[in-house]
6 protein chains.
Amino acid sequence: MQFQQRPSGRAADALRNVRLTRHYTKHAEGSVLVEFGDTKVICTASIEEKVPGFLKGKGQGWMTAEYGMLPRSTHSRMDREAAKGKQSGRTQEIQRLIGRSLRAAFDLNAFGERTLHLDCDVIQADGGTRTASITGAMVAAYDAFSKLVEAKVVPAIPVKHFVAAISVGVFQGMPVLDLDYVEDSDCDTDMNVVMTDAGHFVEVQGTAEGEAFDRATMNRLLDLADKGIADLIRLQKDELGIV
Amino acid sequence: MQFQQRPSGRAADALRNVRLTRHYTKHAEGSVLVEFGDTKVICTASIEEKVPGFLKGKGQGWMTAEYGMLPRSTHSRMDREAAKGKQSGRTQEIQRLIGRSLRAAFDLNAFGERTLHLDCDVIQADGGTRTASITGAMVAAYDAFSKLVEAKVVPAIPVKHFVAAISVGVFQGMPVLDLDYVEDSDCDTDMNVVMTDAGHFVEVQGTAEGEAFDRATMNRLLDLADKGIADLIRLQKDELGIV
Amino acid sequence: MQFQQRPSGRAADALRNVRLTRHYTKHAEGSVLVEFGDTKVICTASIEEKVPGFLKGKGQGWMTAEYGMLPRSTHSRMDREAAKGKQSGRTQEIQRLIGRSLRAAFDLNAFGERTLHLDCDVIQADGGTRTASITGAMVAAYDAFSKLVEAKVVPAIPVKHFVAAISVGVFQGMPVLDLDYVEDSDCDTDMNVVMTDAGHFVEVQGTAEGEAFDRATMNRLLDLADKGIADLIRLQKDELGIV
Amino acid sequence: MQFQQRPSGRAADALRNVRLTRHYTKHAEGSVLVEFGDTKVICTASIEEKVPGFLKGKGQGWMTAEYGMLPRSTHSRMDREAAKGKQSGRTQEIQRLIGRSLRAAFDLNAFGERTLHLDCDVIQADGGTRTASITGAMVAAYDAFSKLVEAKVVPAIPVKHFVAAISVGVFQGMPVLDLDYVEDSDCDTDMNVVMTDAGHFVEVQGTAEGEAFDRATMNRLLDLADKGIADLIRLQKDELGIV
Amino acid sequence: MQFQQRPSGRAADALRNVRLTRHYTKHAEGSVLVEFGDTKVICTASIEEKVPGFLKGKGQGWMTAEYGMLPRSTHSRMDREAAKGKQSGRTQEIQRLIGRSLRAAFDLNAFGERTLHLDCDVIQADGGTRTASITGAMVAAYDAFSKLVEAKVVPAIPVKHFVAAISVGVFQGMPVLDLDYVEDSDCDTDMNVVMTDAGHFVEVQGTAEGEAFDRATMNRLLDLADKGIADLIRLQKDELGIV
Amino acid sequence: MQFQQRPSGRAADALRNVRLTRHYTKHAEGSVLVEFGDTKVICTASIEEKVPGFLKGKGQGWMTAEYGMLPRSTHSRMDREAAKGKQSGRTQEIQRLIGRSLRAAFDLNAFGERTLHLDCDVIQADGGTRTASITGAMVAAYDAFSKLVEAKVVPAIPVKHFVAAISVGVFQGMPVLDLDYVEDSDCDTDMNVVMTDAGHFVEVQGTAEGEAFDRATMNRLLDLADKGIADLIRLQKDELGIV
């Protein structure tokens, strides 16, 4: 494929350097620092011994996510949401996305009336914070469930399949994988894709920020996502020592 | 294609009965009642002679949307958001989607420092309220801009292309177009698609509510959406008397 | 009586064209579109199988009301209360008035520990939205209780007496019945009266917006209200088929 | 007139012991402790050298009121509104009533672009706090305007007429003046009346808390209010040394 | 000690005129007007027959405090916190301090599962409102517990030791006791001290508003506080008739 | 001195292992990870080119602080303040303390009409988060001002003196320096001290959580704080390369 240079010099289908650091903080049942290049997110998984009211007595568990950014995780300082007294629409959209993605990965009927709280807090942002969050939260959740297995509270980790997420987009006419901030700020189309280790879709959210895009572009973007997610899931499993 | 019956008896690729009633209320510059079967949404477009702070002095306009549901538009009564003192994450997600979709349809540089407020209020819900809202808001916005043309405030309606939206999903294993509430409550995959009259994508938001879905299903769903949106845009243009 | 012309050409003691459309939306137990001329309000009555905490275990029911206006129901667009995160003082005043009026019409001890929620949502405003709301909510509540009778949950509709409401005021020195927006914006005195079919007062709320008014004017206004409410209650009963 | 005993032993048309203490606190331009029997309200009037946004540049002034109750001003402790983060509907209704009443008493065009803030804070409640507030705020406002006259900022106190307020109601079948808490808790009808020194109505707010009431009762209640308010305005003028 | 004049003419170690008026309002179990010169605070103590959730079933009681200022208790009018919808950080700091101080004075295990609510409302402010609040709340709480003893609900007043509070500071280089507003606005160091009748510290909160202060100054300030608090506790006991 | 063992085995006057990592994140003008043992706080300093309204046009700068904890920085997960819609009283107390402490360290008249925002976000908590925050924010602020010097916007770093903070307390009868979580949860007295490099006090906040404490204990605690802060300021200067 013939194309111009990405600002980072990466190939169109190249991920940034991705790192997953487990046991990053000491209190949470699962705690992962996930880095997609300069994007750094702390993902913790906390187990609570009860479920929300709408599930009480149904014998199933729940997983839910919250997302936040440190005020100066970004290029210019953002107002602190706790000080403003409300979460932005963007924050709510992202935490709903993380929650749905993780609930797709685990069997809610296999760990009793418990809630797994996933907290994804961005300490440095350089594009792709929501996809990094999902990718890291998968590992944090897995670690938290391992604790329940060790404690013989549940017989097995209730994983249905691994999930990971990546962004794809059209930067200066060229479909590319894993947009960083410079690309994200100047792209025509931005799509976030969540997929399983079987290559199936859990979430697809694409937006034409400039020109509307055609079906061929859509297909090329999904191809890139497919490749990137396969790499990410391989990395998740390597870190967890799963063959 | 061989498949079982939809609850409504519709063919897999059949829209519900769609109606657009212009000039539905008397105060707004544009006012449309949009009906997708039993789903009924009042879409108004209001022109304000100023732009938000972040655009002041840049010579361009802005379009923004708000969405609400009457408390008993739904099967069981929902709490009123104004009484609770906050809009839900779902509401914010939907109004952000409507706003982005409409901003893709019009040229923000062609109507001066004005804001077009789109209000989409659901008076009866039966599935597909967000796609009905986008489809109706397109017509309400067009009507509002016509007022500015009549008043010789702008030389021409600043439309770039028409947009409409439809939901598609997998109901009992079968990809179908335009899910009603019964189908939506029991589907495995739900995707909302916003497209232009050129058949290009503005927004794609797909969620695997049950099983993750594969690429072939994705393609079939996009085909259905493509067909449905072409029908909706034809209807929009008919109502507006555009050949 | 000798007097100048009202803007609408109506006689001083003439109501606008009033219409009550039952079964206006499909989900609510009672659903009425009430129109006082160009003022249009959707009134729904929803039955909930429990009472607020302060009534638990007392064996009685409760009725409560909420009121809202679509942002562009008015001449200029108002901010959406759900987006602002609070209901205005005016909104709260009106919904408290509707609630008290309806609780005066029905026997709270005759339908068990249930709550009837009345939602009055203005889709087009042209003066008199609170009086239209009370008048329409009476019929919606009656219909909702009929459902409980049909379902043999309660033995009879627990109505004590019918209530309706109307505004009266002094427009350009002349006492008039049922002010529309043009009159309301320019009147010296504005009074809202809620009465029963026995001609007794449930609520009287009069405000001298310009000059304070004397006892003779007060009496003339109450005469007008008395006549108007008798007409409205006749209409309510006709619509419900009550002889 | 033949009637049974009021709990306080007062005649049906007797006010409680009413006292107005001027200069009650030292910072405010006007500061009055008003007592209607055991009901005690601190009313302050504060002058601000600007008007709200909607009046800027129009050359007129504004008067507005806020109302609050100390948490243990009442028989059982109420939650503190500042701690709950919102004012109740009742509070908002009352402060809107006080504001309208005072704006009726003064000429808003005669004191420049200034705002008079009236704060009515109940330190002990025994019925009739809103009518005591209006009656006390009238004197506090008068004192505050006197300061502007002394400072030669305005040529004369911009009073149009004095206003005072009183409650009337039907207690055990008997129309009575100035309900205290015991009567208020057990009355069928409760009406608050605001009148001028010319005996004209500024506000009438009557509610049938039990049985709806007829026209004859309405007339008797207005007679009682008329007498009570004349007494209150005489007291206001005496305290201010106005002949 | 050689020093210049304080604005009030008081000696460096002189309190203002302090008064405690018990039974100031009639509803609360304990109600005290505390005056430190022109600073006037109403302190009420209200008994509630339950404890917060985190203490349920533990057999102990709780004491908590809230603090407020009337909008025009101060030199210029402050916004009403109930109207703004939130309590300031300063308010929260003060009410937490009052609560901790009072919990140190009483034995929480000696009055059953009850909550004592202390409300401290400033009606006139002239410096030292938080220390006046603590000093007054001590007496209000004592009175409220006396009611429980009289009612034979608890065997004895559960007091561990008396507490009182005073401010000390460095005004124009001179350590002084009990700062009034004029001194407080212009001091280099401001320290609030809460002590018991045994002369032990419950709380010390010192802030260098201008220059940081040295250990010798610290010692001199603590000496002053020690003397002032001994005087205040003597006054509390006198008022309560405790020898 | 004879004493029993601290849980950590530290001597009574021993700090935990303290580390300051500068340039911890890449966007902020100053960014420091401060660690007091297992307590880890990210402190960023952000420069904004304007001041709050109350300082506009006065030619001086401002410094302000915000504080937060990641939900699972603590032993059990805390609710996220942004999701709850308000900051706790504790949070507000801490951020006010940090702000005052830093404003004492720098000359607000020496860097123009700019605001320095200090954000202290706890990623792992083990006691002493507020003192770690102040100690780290000092370095972050210094680094941010260095940027202004490098950019020749201000002639010199406007530092008046260095400040650092430490907690001291009485653990099992023994005064100790720098309490960790285990000690903090079980101590009788807890005091936070902020001092300058001249050994002068900026803030002292002591609370008797169990028994009130006497003057001798107070003196011993201040001695410990004095020593600890001298060590911390030496470390700050070493990290910054200041001799």
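What you see is a predicted model; the values in this text were computed from it and never measured. All values below come from the heavy atoms of this structure, side chains included, with hydrogens, waters and symmetry mates left out. Below, read A as the first sequence line, B as the second, and so on, with proteins coming before strands; counting in each chain starts at 1.
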Distance in Å, B:Lys56 NZ paired with B:Phe54 CZ, rounded so as to fall on 0.5 Å steps:
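B:Lys56 NZ to B:Phe54 CZ: 11.0 Å, rounded to 0.5 Å.
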Could you tell me whether the side chain of [Y] reaches within less than 4.5 Å of the side chain of [X], counting heavy atoms only?
X        : Y        : answer
C:Glu239 : C:Lys237 : no
B:Leu179 : B:Cys187 : yes
C:Pro7   : C:Glu183 : yes
B:Leu235 : B:Val18  : yes
C:Arg16  : C:Asp180 : yes
C:Leu70  : B:Leu70  : yes

Please classify the contact between C:Thr44 and chain B as side chain, backbone, both or neither, with a heavy-atom cut-off of under 4.5 Å.
side chain
Contact residues of [range] (partner chain B; heavy-atom separation under 4.5 angstrom):
range                       : answer
residues 143-165 of chain C : none
residues 77-109 of chain C  : C:Arg77, C:Arg80, C:Glu81, C:Ala82, C:Ala83, C:Gly85, C:Lys86, C:Gln87
residues 24-41 of chain C   : C:Tyr24, C:Thr25, C:Lys26, C:His27, C:Ala28, C:Glu29, C:Asp38
residues 110-140 of chain C : C:His117, C:Asp119, C:Cys120, C:Asp121, C:Ile123, C:Gln124, C:Ala125, C:Asp126

Part of B:Ser76 within contact of chain C (heavy atom distance under 4.5 Å):
neither
With a 4.5 Å cut-off on heavy-atom pairs, point out which of B:Ile42, B:Thr74, B:Ile47 contacts chain C the most.
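Among the listed options, the one with the most contacts to chain C is B:Thr74.
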Side chain to side chain donor-acceptor pair (under 3.5 Å) evaluation trace for C:Arg10 with C:Ser8:
CA-CA 5 Å; C:Arg10 278 188 282 148; C:Ser8 60; 3.2 Å; yes
Minimum heavy-atom distance B:Gln60-B:Leu55, with the two atoms named:
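Shortest heavy-atom contact: CD-CD2, 3.8 Å.
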